[in-house]
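Every chain is numbered from 1 and lettered A, B, ... according to where its sequence line falls, protein lines coming before strand lines.
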There are 2 protein chains.
Amino acid sequence: MESEITTEQKIMDAAEHVFLDEGFSGARMQHIADRAGINKAMLHYYFRSKDKLFELVFRHKMKQFVPQIEAALNEANMTFIEKIDRFVLAYLTMLQKNPRLPIFILSTIHRNPELANSIDIKLGAEIIRLMEIEIKEGRIKKVDTHQFMLTLVGMCLFPFIARPIFSKTFDLTPKQYDQLLAERRVHAVQYARAILIGE
Amino acid sequence: MESEITTEQKIMDAAEHVFLDEGFSGARMQHIADRAGINKAMLHYYFRSKDKLFELVFRHKMKQFVPQIEAALNEANMTFIEKIDRFVLAYLTMLQKNPRLPIFILSTIHRNPELANSIDIKLGAEIIRLMEIEIKEGRIKKVDTHQFMLTLVGMCLFPFIARPIFSKTFDLTPKQYDQLLAERRVHAVQYARAILIGE
DNA sequence: GTCTATACGGTGATAGAC
DNA sequence: GTCTATCACCGTATAGAC
């Protein structure tokens with residue numbers, strides 16, 4: 001039974017937590033060490049530098065952030081709206097488990113746009129292609145594909161990005177906001193249907 | 001003619017630029033000084049500390065970020081959709097001039113949620129009230145007011161927040177993305193109409 | 001008001017004993 | 001592999017001359 005958590009893994013977990021909370025320049029190696037229950041020297045023993053450690057964390061998180069779109073959209077025997085429902089569900093489920101992921105990824109890339117280069121371009125092209133087929137076949141309205149995708153993804157991500165400011169503006173308790181997030185799937189899909197089909 | 005820019009103003013301009021690019025912990029007082037064309041000591045002479053300077057910048061930017069909603073929504077002799085159109089136009093126009101504002105505000109508040117406390121709560125309540133009247137009078141569908149507002153604001157902000165990652169995913173040149181942003185108003189309002197009225 | 005010089009603390013990183 | 005001690009540097013902030 002090798003169920004023991006390795007030091008390396010403890011560091012990665014701690015690093016993820018601290019970097020997601022504080023960002024690269026706000027994070028302190030000391031905090032990560034404390035959280036991992038070891039000392040700073042060990043961080044450098046396992047991962048050479050703060051930069052290397054951050055890069056690993058970022059890449060790992062980036063994988064979570066982008067890819068699962070594909071699985072949802074490529075299922076056969078589904079209407080486009082059903083595919084969207086799957087996509088929204090998958091995305092929101094992941095976000096519930098990683099609520100601070102979006103702002104971490106987006107603010108990191110904002111300050112370091114080259115980091116977006118690891119993204120696979122084919123994915124976007126494939127989505128656009130799928131939508132254009134739906135439009136051509138007359139199963140959805142003639143919407144601008146990019147504008148719609150921006151809206152769809154925004155409907156999933158934005159509630160997590162804007163949580164603190166929205167809670168305050170609309171005077172919602174944490175419990176109420178969680179409820180809002182739990183119900184987000186239904187509304188996002190309903191809105192998508194209104195846009196793509198009209199009801 | 002007092003058209004000369006004061007040192008204080010030069011510092012504020014420089015500070016805004018650097019803080020918006022780098023965030024609080026990423027920003028360096030040296031950068032701000034360089035950009036303002038003065039030396040570090042002057043920063044502390046005019047503004048006591050980095051914290052104080054940042055707070056001023058943040059408050060100033062926060063004012064831009066939130067309030068102009070009110071003007072758009074309180075105009076008389078307008079349908080609700082027309083009001084939304086005004087709101088979206090005003091918001092997008094401001095964002096075109098301040099494209100890095102959203103990620104700055106949201107990532108700052110993310111790391112320091114108390115900063116959201118400066119927000120005026122009455123504004124949100126007023127919007128909800130207006131929408132509920134529209135619903136009651138049967139002029140728009142029975143949508144969840146909070147869910148809709150999250151979507152509406154997201155449709156405006158998200159394209160600016162997600163620009164680098166979206167450009168990459170959908171392989172859009174800066175010019176193409178600017179075009180997308182320029183056309184955002186039409187699509188956002190059209191989507192809002194689809195949601196609120198059906199077409 | 002503006003500058004130079006410097007104090008002071010903290011941070012990433014390394015050396016070296018065990 | 002893990003620790004303590006330490007280094008070199010950088011960043012904020014201040015002192016003090018002009």
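Identified under the side chain to side chain donor-acceptor pair (under 3.5 Å) test for residues 144-153 of chain A, with sequence neighbours left out: Gln147(A)-Arg184(B), Thr151(A)-Arg184(B). A salt bridge (charged side-chain N to carboxylate O under 4.0 Å, His left out) check over residues 114-133 of chain B, counting only residues at least two apart or in different chains, returns the pairs Glu126(B)-Arg129(B). Among residues at least two apart or in separate chains, salt bridge (charged side-chain N to carboxylate O under 4.0 Å, His left out) pairs with a member in residues 157-179 of chain A are Arg163(A)-Asp178(A).
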Next item on the list: Indicate for each nucleotide in nucleotides 1-13 of chain C, in 5' to 3' sequence, whether protein heavy atoms under 4.0 Å reach the base (B), only the sugar-phosphate (S), or nothing (-).
Entry: BBBB------SBB
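Residues satisfying the side-chain contact (heavy atoms from CB on, under 4.5 Å) test with Ala15(A), not counting sequence neighbours, are Phe19(A), Ile32(A), Leu53(A), Val57(A). For Tyr177(B), there are no ring-ring contact (aromatic ring centres under 6.0 Å, His included) partners, not counting sequence neighbours. The ring-ring contact (aromatic ring centres under 6.0 Å, His included) test applied to Phe104(A) returns Phe54(A), not counting sequence neighbours.
Applying a 4.0 Å cut-off to non-hydrogen atoms, none of the residues of residues 8-18 of chain A approaches DNA chain D.
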What pairs of donor and acceptor atoms, side-chain ones from residues 92-99 of chain A against any protein atom, are under 3.5 angstrom apart with sequence neighbours left out?
{"unit_1": "Thr93(A)", "atom_1": "OG1", "unit_2": "Leu89(A)", "atom_2": "O", "d": "2.6"}
{"unit_1": "Asn98(A)", "atom_1": "OD1", "unit_2": "Lys61(A)", "atom_2": "NZ", "d": "3.4"}
{"unit_1": "Asn98(A)", "atom_1": "ND2", "unit_2": "Met94(A)", "atom_2": "O", "d": "2.9"}

